[in-house]
There are 2 protein chains.
Amino acid sequence: MKIARNTTAKTAVLEIFEKSKTALSHAEIHKLTEDLCDRVTIYRILDRLVNDDVVHKIVNLDGTVKYAKCHHNAQRVHIHNHAHFSCEKCLEVTCLENVKPSYIIPHNYKVNDINFTLSGLCPNCLNSNI
Amino acid sequence: MKIARNTTAKTAVLEIFEKSKTALSHAEIHKLTEDLCDRVTIYRILDRLVNDDVVHKIVNLDGTVKYAKCHHNAQRVHIHNHAHFSCEKCLEVTCLENVKPSYIIPHNYKVNDINFTLSGLCPNCLNSNI
DNA sequence: TATCAAATGCAACATTGTTGCGTTTGATAT
DNA sequence: ATATCAAACGCAACAATGTTGCATTTGATA
Ligand SMILES: [Mn+2]
Ligand SMILES: [Mn+2]
Ligand SMILES: [Zn+2]
Ligand SMILES: [Zn+2]
């Protein structure tokens with residue numbers, strides 16, 4: 001098996017996730033690192049973090065892909081069965097850790113991953129819309 | 001307001017949707033039309049069909065985007081609050097019209113659209129895996 | 001400090017989706 | 001049947017996003 005290493009780029013990306021209250025896109029992360037590394041490296045770091053269940057991927061109907069830190073008690077493998085909200089106005093994507101969808105799926109399906117994203121207006125933008 | 005027209009390309013795309021049991025990607029649809037029209041036209045037709053709530057868009061965690069016909073009683077505006085299943089092996093995406101997630105979201109969010117996609121192994125692939 | 005694979009940089013490429021603009025075409029009225 | 005006119009189209013050009021191969025660098029360990 002592979003032995004992971006703590007590189008400066010990976011550490012920087014993790015710090016960025018730690019500080020951010022919203023989910024981040026590849027481009028946003030790359031910009032926030034201020035050219036610390038190549039954009040390909042960011043892709044590869046994100047791949048590894050998703051594989052290690054340190055961050056999770058969020059895909060929205062508009063095609064945007066974002067990433068957010070996993071706020072689970074353990075670093076073990078798990079399914080991210082919580083909702084995400086994508087605001088059509090401010091374009092921010094946030095984890096709604098407490099909104100967990102319940103559903104009944106036939107037993108002959110094996111579910112490995114979930115993408116549950118709601119889009120519309122977030123509380124901020126809904127408020128300023130009045 | 002715009003007055004829609006029934007072009008040969010749009011008719012062909014609708015027939016393709018009618019015949020297909022699974023959701024289709026832009027590339028798949030374009031191939032099935034056998035170069036009846038430009039690929040940009042397919043994009044524009046899909047945009048219109050989604051806008052008119054004739055088909056709905058499905059986005060998977062692996063980044064693939066697919067479209068499927070809406071099987072609702074009416075052609076009016078509605079939210080597609082049913083699950084979709086994306087098989088990691090055969091790569092087929094199907095609508096699970098009967099699997100509707102229930103969830104409780106704070107009242108200060110306004111939800112306009114939903115993307116609920118489960119990925120894993122479909123019944124066929126799960127079966128042939130034994 | 002030597003070792004060695006993990007991780008990176010760079011270039012090149014593929015895929016997907018968008019935009020502008022001149023041309024074609026489908027529906028409607030004449 | 002024909003004229004009309006905007007909806008829809010074709011084409012080219014572009015942008016964004018993500019992937020791959022390979023030589024080089026770097027982090028952890030001995
Ligand atoms: Mn989340
Ligand atoms: Mn569906
Ligand atoms: Zn907002
Ligand atoms: Zn399958």
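Values in this document were obtained by computation on a predicted structure and should not be read as measured data. Chain letters run A, B, ... following the sequence lines, proteins first, then strands; residues in each count from 1.
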Between [N] ([atom2]) and [X] ([atom1]): distance, integer Å:
X: A:Asp62; N: C:dT18; atom1: CG; atom2: C1'; answer: 14 Å
X: A:Tyr43; N: C:dG9; atom1: OH; atom2: P; answer: 15 Å
X: A:Asn6; N: D:dT26; atom1: CG; atom2: P; answer: 16 Å
X: A:His30; N: D:dA16; atom1: NE2; atom2: P; answer: 14 Å
X: A:Leu46; N: C:dA7; atom1: CG; atom2: C1'; answer: 14 Å
X: A:Arg48; N: D:dG18; atom1: CZ; atom2: P; answer: 17 Å
X: B:Ile3; N: D:dA7; atom1: CD1; atom2: P; answer: 8 Å
X: A:Lys31; N: D:dA16; atom1: NZ; atom2: C1'; answer: 13 Å

Any N or O donor-acceptor pair under 3.5 Å from the base of [N] to the side chain of [X]?
X: A:Arg39; N: C:dG9; result: no
X: A:Arg44; N: C:dG9; result: yes
X: B:Arg5; N: D:dA6; result: yes

Quick check for you: among [options], whose closest atom lies nearest to any side-chain atom of [X]?
X: A:Cys37; options: D:dG10, C:dG9, D:dG18; value: C:dG9
X: B:Ala9; options: C:dA7, D:dC9, D:dG18; value: D:dC9
X: A:Thr41; options: C:dA7, C:dA11, C:dT8; value: C:dT8

Hey, any chance A:Tyr109 and B:Val93 share a hydrophobic cluster, counting ILVMFWY side chains that come within less than 4.5 Å of each other, even indirectly?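 Hydrophobic grouping puts A:Tyr109 apart from B:Val93.
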Test item: side-chain donor near acceptor, [X] and [Y], under 3.5 Å:
X: B:His84; Y: B:His56; result: yes
X: A:Lys100; Y: A:Asn98; result: no
X: B:Ser102; Y: A:Ser102; result: yes

What is the bend of the helix from C:dT1-D:dA30 to C:dT30-D:dA1 when you compare the axis at one end with the axis at the other, using five pairs each and rounding to 10°?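 What I find for the helix from C:dT1-D:dA30 to C:dT30-D:dA1 is an axis angle of 40°.
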Of A:His26 and A:Thr8, whose closest DNA chain D nucleotide lies nearer the 5' terminus?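 The residue whose closest nucleotide sits nearer the 5' end is A:His26.
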Taking for each residue the nucleotide of DNA chain D with the nearest heavy atom, is it B:Asp38 or A:Thr7 whose nucleotide lies nearer the 5' end?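 Its nearest nucleotide lies further toward 5', so the answer is B:Asp38.
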Salt-bridged, B:Lys66 to B:Glu28, with N to O below 4.0 Å?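 A salt bridge is present here (some side-chain N lies under 4.0 Å from a carboxylate O).
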Using a cut-off of 4.0 Å on non-hydrogen atoms, how would the nucleic acid contact of A:Ile42 be classed: base, sugar-phosphate, or nothing?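 A:Ile42: no heavy atom of the nucleic acid under 4.0 Å.
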Need one value for B:Val40: base, sugar-phosphate or nothing, where a base atom within 4.0 Å counts as base even if backbone is also close, heavy atoms only.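 Base contact.
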To the nearest 0.5 Å, how far apart are OH in A:Tyr103 and NE2 in B:His82?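 That separation rounds to 15.5 Å.
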Donor-acceptor pair, A:Ser20 side chain versus A:Phe17 backbone, under 3.5 Å?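 Pair absent, no side-chain N/O of A:Ser20 close to backbone of A:Phe17.
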Please confirm whether the backbone N or O of A:Ser119 pairs with a side-chain atom of A:Ser86, one donor and one acceptor, at under 3.5 Å?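 Checking the backbone N and O of A:Ser119 against the side chain of A:Ser86, no donor-acceptor pair under 3.5 Å is found.
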